[in-house]
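What's counted below: heavy atoms across the whole structure, side chains too, no hydrogens, waters or symmetry copies. Every number for a ligand or one of its atoms is a count from 1 in the order of the listing.
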Amino acid sequence: MKRTLIVANWKMHLNTHEASLLVKRLNDRIPAHRTIEVVLAPSLLVLQPLSLEIDRRKFRLAAQNAYTKDAGAFTGEVSFTMLRDLVHYSIIGHSERRIYFKESLEDVRDKVQAAVRNGIAPILCVGETKQERAAGETSRLIHDQVTTALSNLTPEEVENVVIAYEPVWAISTFGGEIAKPTDIKRVLDLIRHNVTELYGASTAEQMRLLYGGSVTADTAPGYLEIEGCDGALVGSASLNYQQFADIVEGAYRVNHRQEA
Ligand code: PGA
């Protein structure tokens, strides 16, 4: 059984004290669910103190980024090797990193490989901009992002990669247009198809695919009901404890309905 993955991307928000407060509030509201995995992605600085505070039956940690090399003279960088005992996951290739920090397809590929080499499961983000969508380039772009990012991995390694489809135009801080479930399903199917062609159907079937982009407590159940959608990557709404706890609760209700 694939557990539904709900990921909180706190981006560059919350210092250690604020993060600790949010975790306490989430801990009061979110029970341990057999069918759901809740992952928190705080800033790098907060990972260590938070790792001592979280209830590990309920929460796992993710990094938001790290460098491609394991160690060396790379001033200002942190490696996946340094994070390996702290986190289960790392977000890689988020559109903010691709756009603001000019991460190329090859940078993302090397980070995916570095994470896997260090036993950290990548949460690889892919998605097209509004202009690319308008130009009819979505399929080609998603294909290039997915195939390049996975190209140095074995099929067994690919099974543990999570891919989040995050159309840039749907991310709250880039415009926040509401994506239609039919559009999301089309791209999730395309991603599975791309992975099937490269690594076979069973690998593609094992992988978890998420949706991200303006997910809130109100919209989450609709997205999680999409066939082939195994979870959500949540930005702004994850900074609000009530919203985020309600998203997890919504995921639980969707799973319960699907099991019934
Ligand atoms: P959002 O962000 O939920 O605020 O749209 C999602 C993301 O950027 O991962």
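Among Gly175, Gly176, Gly235, Ala237, the residue whose heavy atom lies nearest to atom 3 (O) of ligand 1 is Gly235.
Side-chain contact between Lys111 and Glu103 is present, with at least one heavy-atom pair separated by less than 4.5 Å. Between Asn118 and Leu83, every side-chain heavy-atom pair lies at or beyond the 4.5 Å cut-off. Leu105 places a side-chain heavy atom less than 4.5 Å from the side chain of Gln145.
The shortest contact between atom 1 (P) of ligand 1 and any protein heavy atom is with Ser172 OG, 3.5 Å.
In terms of N/O distances under 3.5 Å, ligand 1 is not approached by Thr173. Polar contact check, Gly212 against ligand 1: no nitrogen or oxygen pair lies under 3.5 Å apart.
Listed by number with element, the atoms of ligand 1 under 4.0 angstrom from any heavy atom of Asn9 are 9 (O). Interface of Glu166 with ligand 1, defined as ligand atoms under 4.0 Å from a residue heavy atom, comprises 6 (C), 7 (C), 8 (O), 9 (O). Atoms of ligand 1 lying under 4.0 Å from at least one heavy atom of Ser214, given by number and element, are 1 (P), 3 (O), 5 (O). Interface atoms of ligand 1 facing Lys11, defined by a heavy-atom separation under 4.0 Å, are 2 (O), 7 (C), 8 (O).
Both the backbone and the side chain of Ile171 come within 4.0 Å of ligand 1, counting heavy atoms alone.
Each of Leu21 and Met12 belongs to its own hydrophobic cluster when Ile, Leu, Val, Met, Phe, Trp and Tyr are linked at side-chain heavy-atom distances under 4.5 angstrom.
A salt bridge links Asp189 and Lys185; the closest N-O separation between the charged side-chain nitrogens and carboxylate oxygens is under 4.0 Å.
Using a 3.5 Å distance cut-off with no hydrogens or angles, the side chains of Gln243 and Thr216 do not pair a donor with an acceptor. Side-chain atoms of Ser214 and Ser172 include no donor-acceptor pair closer than 3.5 Å.
Under a 4.0 Å heavy-atom criterion, Gly213 is in contact with ligand 1.
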